[in-house]
Amino acid sequence: MYDMDRTLKVALFQMDIVWENPQANCLKVARWMEHEAADADLVVLPEMFATGFSMTPETIAQEMDGEVVTFMRDLAQRTGKAIITSVAIHDHVRRTDPQTGYFNRLFFFTPDGVWLTYNKHHLFRMGGEHEHYVAGESRLVVHYKGFRICPLVCYDLRFPVYSRNRQDYDVLVYVACWPESRRYAWSTLLRARAIENQAYVIGVNRCGEEPKNRYSGDSAVLDYMGQPLAEAAPSVEGTATATLSLNDLTAYREAFPAYLDADAFTLIEE
């Protein structure tokens, strides 16, 4: 028996992103958060929410002290909610290296005005992402309201070894621009990641159209057995909300401890 019901209220914004228009997208998110996500502890937006999945970072990438990052930091503070999304960023590859590069950088903005970041590790080769952005070197686990949250980006979903739960997270989050033509793979892989990792999985995909792709969304919150707790209506902009229970997750893992029989491995990140 647990002393308290440890829960996390999440809201997903299946967003129709305005192509390469950061101001319009920031305003859209701010209005949504004020009206549709009032009760949420954590809100999740699609990948590259400010611009869409653009392969012209030299024209759309933000600096770390630029308008989009500053706006989102302030929005998290003003609303008292954590925010997960990714932004095209221009930054140094390493602090000790003068070389600069572009990153598809995920942000975890906290209500206290700070953020944590993860650079997308698996760059989408078929879309030329690896030719324009620098791959990240390590994943991130954030401790927030008693939950351990591992946020990843889109194409990372296809690589189960990288997503593998090393008993270091409770919630796996994917922000994405995943095209409608591969929607079955998106939904199937989200469920697989939840089942094999015995963790909640949140997948937030955009809807609408870009110059080269159409998106159906299919955003969802899944429990640790791969069952949907909330799903957004396909192909339209909208919201899905769910409450995650750490007590329920812990009880399930104790009753069905498949993780104890997991294969040992060492992940060498290059």
Side-chain angles (χ1 to χ4, degrees), residues 14-22 25 44-64 66 68-69 72 84-94 97 99-108 115-140 150-163 172-190 193 201-219 267-270:
Q14 182 170 285
M15 183 179 174
D16 187 354
I17 299 170
V18 183
W19 182 248
E20 295 186 348
N21 191 331
N25 290 312
V44 188
L45 312 176
E47 176 185 19
M48 287 192 180
F49 90 97
T51 58
F53 191 59
S54 173
M55 293 300 104
T56 58
E58 62 278 2
T59 63
I60 57 94
Q62 296 280 314
E63 301 293 332
M64 286 296 287
V68 170
V69 176
M72 296 303 287
I84 299 176
T85 188
S86 85
V87 180
I89 291 290
H90 177 248
D91 199 0
H92 293 288
V93 175
R94 296 180 180 88
D97 190 335
Q99 182 184 5
T100 59
Y102 298 104
F103 297 85
N104 185 345
R105 180 166 291 171
L106 180 142
F107 287 81
F108 192 110
W115 62 70
L116 299 166
T117 63
Y118 159 74
N119 294 322
K120 185 178 181 181
H121 182 64
H122 297 94
L123 301 179
F124 188 56
R125 179 177 303 276
M126 286 67 78
E129 188 178 14
H130 66 300
E131 298 175 351
H132 301 282
Y133 295 89
V134 179
E137 297 177 346
S138 59
R139 69 184 200 180
L140 170 73
C150 180
L152 298 173
V153 183
C154 201
Y155 193 41
D156 288 331
L157 177 61
R158 285 187 177 268
F159 301 92
V161 173
Y162 196 73
S163 303
L172 193 56
V173 178
Y174 293 96
V175 300
C177 287
W178 192 289
E180 182 180 52
S181 59
R182 295 184 289 278
R183 64 187 300 194
Y184 183 76
W186 163 259
S187 298
T188 301
L189 291 172
L190 286 176
R193 298 295 89 82
V201 169
I202 299 170
V204 182
N205 189 26
R206 70 156 297 177
C207 61
E209 296 185 10
E210 291 176 353
K212 294 184 178 180
N213 286 300
R214 180 177 178 82
Y215 301 87
S216 57
D218 301 303
S219 303
L267 183 63
I268 301 174
E269 296 169 354
E270 299 179 352

List for me each residue that meets ring-ring contact (aromatic ring centres under 6.0 Å, His included) alongside H122, sequence neighbours excluded, and say none if there are none.
F159, Y162
Side chain of [X], backbone of [Y]: donor and acceptor closer than 3.5 Å?
X: R105; Y: I89; value: no
X: N25; Y: I17; value: no
X: D156; Y: V153; value: yes
X: Q14; Y: D218; value: yes
X: E47; Y: S86; value: no
X: T117; Y: L106; value: no
X: H90; Y: E63; value: no

What distance separates [X] [atom1] from [Y] [atom2], expressed to the nearest 0.5 Å?
X: F124; Y: W178; atom1: CZ; atom2: CH2; answer: 8.0 Å
X: C207; Y: D16; atom1: SG; atom2: CG; answer: 4.5 Å
X: R183; Y: R214; atom1: CZ; atom2: CZ; answer: 10.0 Å
X: R206; Y: N213; atom1: CZ; atom2: CG; answer: 9.0 Å
X: C154; Y: E129; atom1: SG; atom2: CD; answer: 8.0 Å
X: L157; Y: Y174; atom1: CG; atom2: OH; answer: 5.0 Å

Counting C-beta onward and ignoring hydrogens, is there a side-chain heavy-atom pair between [X] and [Y] closer than 4.5 Å?
X: M55; Y: Y133; answer: yes
X: E137; Y: N119; answer: no
X: K212; Y: F53; answer: no
X: L45; Y: V175; answer: no
X: F49; Y: V87; answer: yes

I need the minimum non-hydrogen distance between [X] and [Y], along with the two atoms involved.
X: G66; Y: Q62; result: C-OE1, 3.9 Å
X: Y102; Y: A61; result: CD2-CB, 3.6 Å
X: A176; Y: W186; result: CB-CZ3, 3.5 Å
X: L140; Y: Y118; result: CB-CB, 4.0 Å
X: L152; Y: R139; result: CD2-CB, 4.3 Å
X: E210; Y: G52; result: OE2-CA, 3.4 Å

Which residues satisfy the side chain to side chain contact (heavy atoms under 4.5 Å, CB included) test with S54, sequence neighbours excluded?
W19, E20, T56, I60
By side chain to side chain contact (heavy atoms under 4.5 Å, CB included) - contacts of A50 (at least two apart):
P22, V68
